[in-house]
Amino acid sequence: LGAGTLAASFRSFYDSFWRHYHFHAPARWAARFEAAGLQVLEVTEYGSRDRCTFHDLLVPLALPAHLVKTWSGRYFLLPALRRWVVRLARSLLPADRPETVLPGTGGLVCIRAVRPDPGPPRSA
């Protein structure tokens, strides 16, 4: 569409807004955790890429809620309106479940890691 500069500006804003500083494949994230001394127990991809893209497209629509929250301390001025919005969202967006997202197709990654047991304390 010839909007490369506009797209780059939005990408920069969006990444800074969500604090996106690092994008790595799941295996690379697991390697980073292990390099930091953690034992990776599980790597789970979730949230299909299509669903994540859809959520990204909805971000600009959050501006009115953000302004209302800033002004009133509430995201919805009318609690009944919130109930209708939630019902609409639930009807349009079925829940993603980890088991429904095949490896390599997820848009988000959850890594379960633990610090290895150092063993019994040393005697002095």
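All values below come from the heavy atoms of this structure, side chains included, with hydrogens, waters and symmetry mates left out.
Across every non-hydrogen atom of Ala113 and Leu38, the tightest pair is CB-CB, 4.1 Å. Counting all heavy atoms, side chain and backbone alike, Arg74 lies closest to Val68 at O-CG1, 3.2 Å. A pairwise comparison of heavy atoms in Pro116 and Gly37 identifies CD-O, 3.0 Å as the closest pair.
Around atom CZ of Arg115, no more than 12 heavy atoms belonging to other residues, nucleotides or ligands sit under 6.0 Å away.
For Ser9 (side chain) and Thr5 (main-chain N/O), a donor-acceptor pair under 3.5 Å exists by modelled atom type.
Both Val43 and Trp29 are assigned to one and the same hydrophobic cluster, defined by single-linkage of ILVMFWY side chains at heavy-atom distances under 4.5 Å.
Residues forming a side chain to side chain donor-acceptor pair (under 3.5 Å) with Arg82 (at least two apart in sequence, or on another chain): none. Every salt bridge (charged side-chain N to carboxylate O under 4.0 Å, His left out) that Arg112 has, sequence neighbours left out, goes to Glu42.
Atom-to-atom distance recorded for Leu88:CG and Arg83:CZ is 15.5 Å, nearest 0.5 angstrom. A distance of 9.0 Å separates OG1 in Thr44 from CD1 in Ile111, rounded to the nearest 0.5 Å.
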